[in-house]
Amino acid sequence: MTLTNAEVLLEDETTYSVDQAFLQDVIHGLQQTPKQLPCKYFYDERGSILFTEICNTPEYYITRTELALLDDILPEVANLVGENANIIEYGSGEGRKIRRLLAALDRPKSYTPIDISPEILLRSAIRLKHEFPDIEIHPVVGDYTDEIDLPVTLKNDFQNRRLVFFPGSSISNFSPDEVRRFLANVKSLLQPGDGLLLGVDLIKSPKRLHEAYNDKEGVTADFNLNILRRINSELGANFDRHQFEHYAFYNPLASRIEMHLVSLARQTVTIAGQTFNFEQGETIHTENSYKYSMRGIAAVAEECGFTHSRMWSDHKDLFSIHYLTCR
Ligand code: AVI
């Protein structure tokens, strides 16, 4: 069997066409000790639906707190951003937050959503064009962990301020090194004086955090286990998802929620002709979700070439939004 080919040979001699990057990341992750899988692979169609359901669970405070906070601060944000700004959003999603931002700003000139999924981009671009006919919309297909090539019209506009919008605390799922790389990538798109509006989840009671990642209905558990279903269906693997259990806990030393899948038995799994052995109790580390203090995120931003101009949090200090200005 060779991984350079677009097809892999299964045990029963049939061939299977796979996404090579996905296969290599899965094999590489499961060869590590402890085993791990990149959390970006949660988001196939079913995973994205489950994530939207997580956002609506009573325990997951992030989405509703950020939306309410954003509503409160929009007039101040509009003042900071000024008129005719070019808005760039990383990971555009279903668009609830950007709608509010675009409606609040003073005649924004353009909106550039960046997303890995062309379908999501197209859908949101059509809807937004309909709602905001005067705003230029320039969708860009791209992985926001990589460098982004902006549309030429935007590249050539040195006159109007750019604002990068990165809500939802998606920054939480980056390692400290990845955060620095990400901020450097954002900075490369900006001129001094341009802004970054960043949503960041805050350190809080471990109990509250634990509940948010262990909702009673088990939606987060389904979301976590869905990655095994995805590996089975897209890479022809044979994970038995009933032999794995969702396990999420707050690690206060690292200020992060860790999500794992724990093997409930000694078992062997085959993926594209390679076997992986699991001991009973062995885990696959599937996600980290880092929580920050206000001062912590301000320090990282300053270190990465931004001035920490303004920050807001809700009255319970659950969530924060930061306006960073490129130096
Ligand atoms: C997308 N991201 C900010 C979510 C988080 O809270 O880290 C992903 C998530 N994982 C489990 N629940 C939600």
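In listed order, ligands and their atoms are each counted from 1.
Note: Y60 and F51 have perpendicular aromatic rings, judged against thresholds of 30 and 60 degrees for the angle between ring planes. Between Y90 and F166, the ring planes lie perpendicular to each other; the angle is over 60°, past the 30° to 60° tilted range.
Among all protein heavy atoms, the one lying closest to atom 4 (C) of ligand 1 is Y60 OH, 3.3 Å. In terms of protein heavy-atom proximity, atom 10 (N) of ligand 1 is nearest to E287 OE1, 2.7 Å.
A cation-pi geometry, defined here as NZ or CZ lying under 6.0 Å from the six-membered ring centre and within 45° of its normal, does not hold between K35 and F276.
For S169 (side chain) and I171 (main-chain N/O), no donor-acceptor pair under 3.5 Å exists by modelled atom type.
Counting heavy atoms closer than 4.0 Å to ligand 1, residue Y213 contributes side-chain atoms (C-beta onward) but none from N, CA, C or O. At a 4.0 Å heavy-atom cut-off, ligand 1 touches N173 through the side chain alone.
Heavy-atom contacts from other residues, nucleotides or ligands closer than 6.0 Å to NZ of K207 number 12 or fewer.
Below 4.0 Å from some heavy atom of G168 lie the following atoms of ligand 1, by number and element: 3 (C). Counting atoms of ligand 1 from 1 in the listed order, those under 4.0 Å from a heavy atom of F51 are 1 (C), 4 (C), 8 (C), 13 (C). In the vicinity of S169, heavy-atom distances shorter than 4.0 Å reach the ligand 1 atoms 3 (C).
At a 3.5 angstrom cut-off on N or O pairs, S289 counts as close to ligand 1.
At a threshold of 4.0 Å, the pair K155-D149 counts as salt-bridged, since one of the basic side-chain nitrogens sits closer than that to a carboxylate oxygen.
Y61 approaches R208 most closely through the heavy-atom pair CB-NH2, 3.7 Å.
Distances from ligand 1 to the non-hydrogen atoms of Y43 include at least one value under 4.0 Å.
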